[in-house]
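The shown structure was predicted, so the numbers you read here are calculated from the model rather than taken from an experiment. Just so you know, these numbers use all the heavy atoms, side chains as well, and skip hydrogens, waters and symmetry mates. In each ligand, atom 1 is the first atom listed, and ligand 1 is the first ligand listed.
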Amino acid sequence: MKKKLIVANWKLNGNIEMISNYLKFLKNNLLSNLNKNIIVIAPPNIYLERTYQSIKKINIFLGAQNVDVNLKGAFTGEVSVLMLKDIGVKYVIIGHSERRILHNETDNFVAKKFHLIKNSNLIPILCIGETEKEKKNGKTQKVIEKQLNCIFQILGEKAFRNAVIAYEPIWAIGTGVSADPEYVQIIHKFIRNYIQKNDSVSKNVIIQYGGSVSSLNTKEFIQQEDIDGLLIGSASLHAKEFLKIIKISCSID
Ligand code: PEP
């Protein structure tokens, strides 16, 4: 049974009532044996602590959707990795395409966050992936190399030990049209080989897929040899649907 990481990214969604019902449902229905599956929920920052209080006694970990590049000081409106750690966060999503596109976050900027997260002994979930145009022009691998190289440049060859990569082709996010699982397998293999060239231990890095995953396509993705988990947006907003995805993943060796 391979280790799989299933992450719910709620983005800018949810309220106290929704979260309370959602977590109650999961608490009552989550499998007692997750078969090496690790489950993470990443709510909006303002609900992190509330979520942590509900999940800390069950087998679910807390994730954040972003973090600042500074640890403390005069940075109004920001949240640091030390604060996230302080309230129970274990995983931090960085480099999501929505942040790269809507907040102009560059590879270099994302690499600085990756560094801070690793230094604080939290686990970065680094989102990478190509646009539709880049895919059409046959540039997917070049884009991914560039995104990974930035991390290697700052952290050196062991950069990806105890880190997670989420391959999220931008054209598949929130579109309802997921990538082809066999295509994703090829890209994941490429990512693993590329990392292995720098560090043979890091070849065991968890590589998730994200982009319009639902309970209808979970099985096809998880069955692929190099897909070690899923990063799920829209479908993770519904507790029943998220539980279905977890159950499918737990049933696959
Ligand atoms: C995401 O935003 O990381 C994502 C994968 O979204 P969705 O599942 O809605 O495509």
Side-chain angles (χ1 to χ4, degrees), residues 4-14 18 22 26 37-45 47-48 51 60-67 89-105 107 110 113-114 117 123-132 134-135 140 143-144 147 163-181 183-185 187-188 191 205-222 224 226-249:
K4 282 161 274 160
L5 179 67
I6 308 295
V7 180
N9 174 15
W10 286 355
K11 309 190 189 189
L12 190 58
N13 294 294
M18 171 264 182
Y22 189 111
L26 274 195
N37 281 249
I38 299 165
I39 314 300
V40 177
I41 293 180
N45 278 351
Y47 299 124
L48 278 170
T51 302
I60 298 181
F61 294 95
L62 188 63
Q65 299 175 18
N66 184 36
V67 68
V89 166
K90 179 140 192 221
Y91 293 83
V92 187
I93 299 169
I94 48 168
H96 193 284
S97 59
E98 286 153 14
R99 293 218 57 91
R100 291 180 189 264
I101 295 165
L102 302 173
H103 300 269
N104 299 317
E105 294 197 5
D107 289 337
V110 172
K113 293 185 179 189
F114 189 100
I117 296 166
I123 303 175
I125 299 179
L126 173 72
C127 300
I128 57 174
E130 80 284 12
T131 62
E132 189 159 24
E134 287 161 345
K135 180 174 189 282
T140 299
V143 170
I144 287 173
Q147 289 168 331
V164 175
I165 294 174
Y167 170 57
E168 296 209 307
I170 295 168
W171 45 271
I173 297 179
T175 58
V177 183
S178 63
D180 185 290
Y183 169 80
V184 176
Q185 164 59 28
I187 303 298
H188 280 214
I191 294 170
V205 62
I206 290 180
I207 309 176
Q208 302 180 289
Y209 165 74
S212 300
V213 169
S214 73
S215 59
L216 299 177
N217 55 25
T218 293
K219 190 171 174 193
E220 286 174 89
F221 284 114
I222 287 294
Q224 303 292 332
D226 288 287
I227 300 183
D228 308 317
L230 302 165
L231 178 53
I232 306 153
S234 324
S236 75
L237 285 171
H238 309 281
K240 276 190 188 160
E241 172 69 356
F242 189 51
L243 184 70
K244 256 194 209 172
I245 292 171
I246 294 171
K247 284 186 172 168
I248 295 167
S249 179

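- Annotation: T175 places no N or O atom under 3.5 Å from an N or O atom of ligand 1; distance criterion only.
- Between E130 and W171, the side chains place a donor N or O and an acceptor N or O closer than 3.5 Å (distance only, hydrogens not considered).
- With ligand atoms numbered from 1 in the order given, ligand 1 contributes 4 (C), 5 (C), 6 (O), 7 (P), 8 (O), 9 (O) to contacts under 4.0 Å with heavy atoms of G233.
- Applying the 4.0 Å criterion to heavy atoms of G211 picks out, from ligand 1, the atoms 5 (C), 10 (O).
- Atom CE of M18 is separated from atom NE2 of H238 by 8.0 Å, given to the nearest 0.5 angstrom.
- Atoms of ligand 1 found under 4.0 Å from any heavy atom of S234 (numbered from 1 in listed order, with element): 7 (P), 8 (O), 9 (O).
- A salt bridge does not link E105 with R100: every distance from a Lys NZ or Arg NE/NH1/NH2 to an Asp or Glu carboxylate oxygen is 4.0 Å or more.
- Less than 4.0 angstrom separates some heavy atom of S212 from each of these atoms of ligand 1: 7 (P), 8 (O), 10 (O).
- In this structure, atom 5 (C) of ligand 1 lies nearest to the protein heavy atom E168 OE2, 3.1 Å.
- Residue G174 has at least one nitrogen or oxygen atom sitting less than 3.5 Å from a nitrogen or oxygen atom of ligand 1, judged on distance alone.
- For Y91 (side chain) and I93 (main-chain N/O), no donor-acceptor pair under 3.5 Å exists by modelled atom type.
- The protein heavy-atom contact nearest to atom 1 (C) of ligand 1 is H96 NE2, 3.2 Å.
- Taking the six-membered ring for Trp and thresholds of 30 and 60 degrees, W10 and Y22 have ring planes more than 60 degrees apart, a perpendicular arrangement.
- The aromatic rings of H188 and Y167 stand perpendicular to each other, their planes meeting at an angle above 60°, with 30° marking the opposite boundary.
- For the atom pair NZ of K11 and CG of N66, the computed distance is 13.5 Å after rounding to the nearest 0.5 Å.
- Atom 2 (O) of ligand 1 has its closest protein heavy atom at K11 NZ, 2.5 Å.
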